[in-house]
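This report refers to the structure that appears directly beneath it.
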Amino acid sequence: MIRDRATLSLLIDSIGRFVRERLIPTEAQVDETDAVPAPIIAEMKALGLFGLSIPEEYGGLGLTMEEEVEVAFVLGGTSPAFRSLIGTNNGIGSQGIILDGTAEQRASYLPRLASGELVAAFALTEPGSGSDAASLSTTATKKDGYYALNGTKRYITNAPEAGIFTVMARTDAADTRAHGISAFIVERGTPGLSLGRVDRKMGQRGAHTCDVIFEDCRVPASQLLGGREGVGFRTAMKVLDKGRLHIGAVCVGVAERMLADALAYALERRQFGQPIAEFQLVQAMLADSKTEIYAARSMVQDAARRRDDGHDVATEAACAKLFASEMCGRVADRAVQIHGGAGYVSDYAIERFYRDVRLFRIYEGTSQIQQLVIARNMIRAAKW
Ligand code: COS
């Protein structure tokens with residue numbers, strides 16, 4: 001639902017200008033140095049980007065899902081590393097607190113997440129537990145007024161920068177699946193929490209991941225998310241439903257950027273005496289990409305509206321993420337093809353985007369997990 005079109009247009013215009021004038025010119029530097037410059041981060045904070053989806057009462061912009069995906073389309077027009085920096089505060093890092101946190105937990109963390117003073121991370125994946133998230137083995141053992149956390153979380157986005165971690169851990173050793181899992185808000189600096197070395201990734205340089213290690217990490221009982229044990233897996237799944245929709249929107253934005261770059265190149269590059277855009281085989285690649293982007297954009301918008309209307313969109317979010325991320329991979333491949341040899345060297349942005357977008361088909365649930373979620377929900381609905 002779009003609450004006020006004029007206000008949203010102003011926001012989108014200012015973010016679009018920021019993307020064009022500040023982020024796109026800094027993309028190559030971010031890739032080379034593996035860091036987003038501090039002045040850019042300060043501007044992101046001033047624009048309110050860290051609190052897009054955090055409710056207004058906590059200092060955020062309180063965007064609806066439909067508004068958020070419109071913003072994500074625009075943010076997708078530049079390197080995904082920039083979006084990644086604000087992604088956890090708006091998505092997987094804050095949504096557990098928004099959806100299921102206690103009043104005290106919301107009041108304590110959301111204002112600082114909205115301003116960007118604090119960066120949040122979401123710690124679900126482990127060395128032995130990825131797609132099968134319910135099998136996680138990190139334990140949280142209740143002692144006198146605190147929980148002792150033990151285990152390792154892997155590939156945790158923004159962990160090197162994070163001030164808080166939403167950590168899924170097993171509080172009931174007897175239940176080896178979802179209902180034995182609880183969620184905790186763990187502050188950086190808690191004794192027993194340490195970080196591994198920053199991962200060397202294929203792409204998205206400037207966005208950082210690493211292991212988060214818990215060794216008898218004493219977490220006060222007040223940090224149990226929502227004050228309830230056994231519902232942490234459900235919280236994580238709800239968070240991921242929203243996150244998947246957001247990632248679908250980012251995929252649309254990035255695909256639009258790659259297609260714009262490919263079209264510009266096809267118009268400028270001449271072979272056989274004419275711009276290669278005049279060749280029908282190149283046109284087919286342009287047209288297929290345009291069509292698929294339009295389809296993905298429509299899916300994401302529709303799923304976002306349904307979520308705003310209060311519907312359960314687990315299936316639609318999975319459909320949107322599956323289609324948009326796979327589409328983004330195909331567009332990246334065609335865009336490199338249109339660039340020819342120029343697409344394989346780093347003088348053009350497409351070489352970097354090709355590596356960056358590969359992650360979309362993996363994180364926040366692989367394409368295969370999206371397929372599984374969609375089919376399971378279909379079968380469940382058919383049975384009732
Ligand atoms: N919203 C709310 N609750 C949900 C839910 C959702 N979208 N999906 C599942 N649940 C609930 C189920 O209702 C069930 O609770 P009840 O038994 O009380 O009904 C519980 O969670 C367990 O669900 P399920 O039995 O479906 O769990 P499975 O282990 O079989 O499979 C999948 C769940 C595979 C879908 C899940 O593990 C998953 O999404 N894996 C991918 C993880 C991922 O995306 N990782 C990325 C890391 S973060 S970047």
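As the structure is a computational prediction, the values presented were derived from the model and not from experiment. Indexing begins at 1, ligand by ligand and atom by atom, following the structure's order.
Which parts of ligand 1 touch D241 is read off a 4.0 Å heavy-atom cut-off, strictly below it: atoms 1 (N), 6 (C), 7 (N). Here is the list of ligand 1 atoms found below 4.0 Å of a heavy atom in T125: 47 (C). Interface of A134 with ligand 1, defined as ligand atoms under 4.0 Å from a residue heavy atom, comprises 29 (O). Heavy-atom contacts of K238 reach the following atoms of ligand 1: 1 (N), 2 (C) (cutoff under 4.0 Å).
Between S131 and ligand 1, at least one N/O pair is under 3.5 Å apart. The shortest N or O to N or O distance between G365 and ligand 1 is under 3.5 Å.
Nearest to atom 39 (O) of ligand 1 by heavy atom, out of Q368, K242, R177, R244, is R244. When M168, H179, R154 are checked for heavy-atom proximity to atom 17 (O) of ligand 1, H179 turns out nearest. The residue among R234, R376, K153 with a heavy atom at the shortest distance from atom 3 (N) of ligand 1 is R234.
Using a 3.5 Å distance cut-off with no hydrogens or angles, the side chains of S289 and R334 do pair a donor with an acceptor. Looking only at atom types and distance, the side chain of Y109 has no donor-acceptor partner in the side chain of E104 under 3.5 Å away. There is no side-chain donor-acceptor pair under 3.5 Å between Y294 and E256. A donor and an acceptor atom, one from each side chain of S84 and Q204, are nowhere located under 3.5 Å apart. Donor-acceptor pairing under 3.5 Å is recorded for the side chains of E326 and S367. Side-chain atoms of Q301 and E70 include a donor-acceptor pair closer than 3.5 Å. A donor atom on one side chain and an acceptor atom on the other are not found under 3.5 Å apart for T152 and D211.
At the top of the distance list for atom 4 (C) of ligand 1, counting protein heavy atoms only, stands M237 CB, 3.8 Å. For atom 49 (S) of ligand 1, the closest non-hydrogen atom of the protein is E364 N, 3.4 Å. Protein heavy atom at the shortest distance from atom 21 (O) of ligand 1 is F233 CD2, 3.5 Å. Ranking the protein heavy atoms by distance from atom 42 (C) of ligand 1 puts G130 O, 3.8 Å first.
Under a hydrophobic-cluster definition in which Ile, Leu, Val, Met, Phe, Trp and Tyr are linked whenever side-chain heavy atoms come within less than 4.5 Å, directly or via other members, I97 and I156 are assigned to different clusters.
In this structure, I213 and L193 have side chains that are not in contact, with every pair of non-hydrogen atoms separated by 4.5 Å or more. Using a 4.5 Å heavy-atom threshold, the side chains of E117 and K45 count as separate.
Protein heavy atoms are found less than 4.0 angstrom from atom 6 (C) of ligand 1. Per-atom contact check: atom 36 (C) of ligand 1 touches the protein, criterion being a heavy-atom distance below 4.0 Å.
For the pair R297 and F73, the cation-pi criterion (under 6.0 Å, within 45° of the ring axis) is fulfilled.
Heavy atoms of L240 found under 4.0 angstrom from ligand 1 belong exclusively to the side chain. Of all the heavy atoms of V373, the ones lying under 4.0 Å from any atom of ligand 1 belong exclusively to the side chain.
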